[in-house]
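Below is the structure I would like to discuss, written out as structure tokens.
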Amino acid sequence: MLKVKGTLMLASAEDVAAIQGMRLKNSEKSKMIRDHNGFRKLLIVLTKSRKLFALHTGDGRIVWSLLLNSLRQTEACENPTGINVYQWQVPHHHAMDENPSVLVVGRCRTGTDAPGIFSYVDTYTGKELKSFGLNHSVAQVIPLPLTDSTEQQLHLLIDANGQAHLYPRAPEAVAIFQNEFSNIYWYSVEADKGVIKGHGLKSNCDGEVADNYCFGTRETWSIVFPSESEKIISTVTRKSNEVVLVSGQIFS
């Protein structure tokens, strides 16, 4: 009604002020910038069809979409699946030269013992910067609260054998990681078995060829819920090494 009154030149001074406020609000909504709370960012979504979308958090429109080459079916990777999207690099100190990027982790099959896939994507342009296959499986991905000099975030990938693999695979990343080695913990959940376990790190992996980026793991604690009376529905935590909030059911 206000817009109609404004079009017909029937709006009072109060109506004009309200109309201008509405226009200002709508114009701010369409801007792809942060608001004063730090929101209004791109929302990066990975679908089951292996397609990556960047959604504008102001009005929900699709800014770009990408069918990842790294998750396309090939002879070597017959049934690729995406696992999740993780923050890879946010160049606060190099913002004029580099765009933020995300890490997309996938597998060549649905099982946790399948070889992993890495892909780096520019979040502003939707361009796949680099992709490659891993020589180990991916059962769990642990983003670490550590970054290198290029502001790449360190990640631990836990394989099906319980070994931890550090990324990025660079000497600087290993040096940073070793300084925090004894302080790194995470948890895993086996909902079907009603088990939650805590994990820590041991020394480098045993093998014929030395690998400075592979580490053995150890179980630090475990909780087993009685299957006849309780069932784990979900677990929630902001970070993998924080206190775990468990939601479940108790059977009568």
Side-chain angles (χ1 to χ4, degrees), residues 25-110 114-138 140-157 165-170 172-173 238-240:
K25 184 177 180 180
N26 288 334
S27 66
E28 288 294 321
K29 184 177 180 181
S30 64
K31 290 181 180 179
M32 198 168 64
I33 59 174
R34 299 185 186 188
D35 60 21
H36 65 281
N37 290 319
F39 297 103
R40 199 61 52 76
K41 303 176 184 179
L42 284 175
L43 179 64
I44 309 298
V45 179
L46 178 65
T47 67
K48 288 184 178 180
S49 62
R50 308 185 300 277
K51 197 168 186 179
L52 202 64
F53 288 91
L55 305 180
H56 192 300
T57 56
D59 55 19
R61 72 179 184 272
I62 297 174
V63 178
W64 54 258
S65 62
L66 172 68
L67 183 60
L68 292 165
N69 288 323
S70 57
L71 294 181
R72 293 180 185 271
Q73 184 175 357
T74 63
E75 291 183 5
C77 193
E78 297 179 356
N79 187 24
T81 59
I83 300 176
N84 211 335
V85 181
Y86 302 90
Q87 182 174 291
W88 179 250
Q89 186 178 28
V90 181
H92 297 97
H93 302 296
H94 308 87
M96 299 301 293
D97 305 315
E98 298 180 63
N99 293 338
S101 58
V102 293
L103 167 65
V104 181
V105 182
R107 299 188 186 103
C108 279
R109 297 188 305 275
T110 55
I117 305 168
F118 256 28
S119 181
Y120 305 115
V121 179
D122 187 312
T123 57
Y124 286 175
T125 65
K127 180 182 178 181
E128 190 171 15
L129 303 174
K130 183 180 180 181
S131 65
F132 54 90
L134 307 179
N135 60 3
H136 59 80
S137 58
V138 180
Q140 190 175 3
V141 181
I142 313 295
L144 300 174
L146 305 169
T147 57
D148 62 16
S149 60
T150 65
E151 298 177 273
Q152 292 180 341
Q153 185 171 356
L154 274 60
H155 290 69
L156 274 183
L157 271 65
H165 302 265
L166 177 66
Y167 289 87
R169 293 174 65 88
E172 182 190 9
R238 291 186 306 166
K239 298 179 182 178
S240 58

Any side-chain heavy atom of Leu157 within less than 4.5 Å of one from Phe118?
->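 Side chain of Leu157 against side chain of Phe118, heavy atoms only: contact under 4.5 Å found.
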Donor-acceptor contact present, side-chain Gln153 to main-chain Pro145, <3.5 Å =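 Between the backbone of Pro145 and the side chain of Gln153 there is no qualifying donor-acceptor contact (under 3.5 Å).
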What distance separates Asn99 CG from Leu129 CG, expressed to the nearest 0.5 Å?
->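 Result: 8.5 Å between the selected atoms.
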Measure across Val138 and Gly116 and return the closest heavy-atom pair with its distance rounded to 0.1 Å.
->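 Heavy atoms of Val138 and Gly116 come nearest at CG2-CA, 3.7 Å.
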Taking the side chain as every heavy atom from C-beta outward, state whether Trp88 and Pro100 have any pair of such atoms under 4.5 Å apart.
->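 A side-chain contact is absent here, since even the closest heavy-atom pair is not under 4.5 Å.
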Mark yes or no for whether Arg107, through its side chain, and Ser137, through its backbone, hold a donor-acceptor pair below 3.5 Å.
->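 No: the side chain of Arg107 does not pair with the backbone of Ser137.
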Go through Leu154 and Thr147 one step at a time and tell me if the side-chain contact (heavy atoms from CB on, under 4.5 Å) criterion holds.
-> CA-CA 6 Å; Leu154 274 60; Thr147 57; 5.5 Å; no
Mind checking what makes ring-ring contact (aromatic ring centres under 6.0 Å, His included) contact with Phe53, not counting sequence neighbours?
->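 ring-ring contact (aromatic ring centres under 6.0 Å, His included) check on Phe53 returns nothing, list empty.
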Roughly how far apart are Glu128 CD and Ser101 OG, rounded to 0.5 Å?
->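 Result: 12.0 Å between the selected atoms.
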Minimum side-chain heavy-atom gap Leu71-Ser119 below 4.5 Å =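 Counting from C-beta outward, Leu71 and Ser119 never come under 4.5 Å.
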Just how far is it from atom CZ of Arg109 to atom CD of Glu78, taken to the nearest 0.5 Å?
->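 So the CZ of Arg109 and the CD of Glu78 are separated by 8.5 Å.
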Return yes if some donor-acceptor pair links the side-chain N/O of Gln89 with the main-chain N/O of Thr150 below 3.5 Å, else return no.
->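 Looks like yes, one N/O pair under 3.5 Å.
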May I ask you to test the Asn84-Val104 pair for a side-chain heavy-atom distance under 4.5 Å?
->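 Sidechains of Val104 and Asn84: no contact.
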Within the distance-only criterion (no hydrogens, no angle test), does the side chain of Asp148 pair as donor or acceptor with the backbone N or O of Gln152 below 3.5 angstrom?
->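 Between the backbone of Gln152 and the side chain of Asp148 there is a qualifying donor-acceptor contact (under 3.5 Å).
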When rounded to the nearest 0.5 angstrom, what is the spacing between NZ in Lys130 and CG in Asp122?
->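 Reported to 0.5 Å precision, the distance equals 15.5 Å.
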Test item: Tyr120 and Leu103 side chains (from C-beta on) under 4.5 Å apart, heavy atoms |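 The answer is yes, as the side chains (C-beta and beyond) meet within the 4.5 Å cut-off.
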Start with the C-alpha gap between Arg72 and Leu67, add the side-chain angles, then the distance that decides, and say whether side-chain contact (heavy atoms from CB on, under 4.5 Å) holds.
-> CA-CA 8 Å; Arg72 293 180 185 271; Leu67 183 60; 3.7 Å; yes
Heavy-atom side-chain proximity of Leu55 to Arg61 below 4.5 angstrom |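 Heavy-atom side-chain distance check fails, nothing below 4.5 Å.
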Polar side-chain atom of Glu172 near backbone of Ser149 as donor-acceptor pair, under 3.5 Å |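 Yes; judged by distance alone, with no hydrogens or angles, the pair exists.
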How about Ile117 and Leu134: do any of their side-chain heavy atoms sit closer than 4.5 Å?
->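 Ile117 does not reach Leu134 side chain to side chain.
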Return the set of residues passing ring-ring contact (aromatic ring centres under 6.0 Å, His included) with His165 (not counting sequence neighbours), or none when no residue passes.
->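 Scan of His165 (ring-ring contact (aromatic ring centres under 6.0 Å, His included), adjacent residues dropped) gives His136.
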Please test Lys51 against Leu66 for side-chain contact (heavy atoms from CB on, under 4.5 Å), starting from the C-alpha separation and ending with a verdict.
-> CA-CA 6 Å; Lys51 197 168 186 179; Leu66 172 68; 5.9 Å; no
Once you round to the nearest 0.5 Å, how far does CD1 of Ile142 lie from CG of Leu166?
->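 Rounded to the nearest 0.5 Å, the CD1-CG separation comes to 12.5 Å.
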What is the distance from atom CD1 of Ile62 to atom NE2 of His56, rounded to the nearest 0.5 Å?
->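 So the CD1 of Ile62 and the NE2 of His56 are separated by 13.0 Å.
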Answer yes or no: is there a side-chain heavy-atom contact under 4.5 Å between Tyr124 and Trp64?
->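 When only atoms from C-beta onward are counted, Trp64 and Tyr124 do not touch, as no gap falls below 4.5 Å.
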Criterion side-chain contact (heavy atoms from CB on, under 4.5 Å) on Val102 and Tyr86, from CA distance to verdict = CA-CA 6 Å; Val102 293; Tyr86 302 90; over 6 Å; no
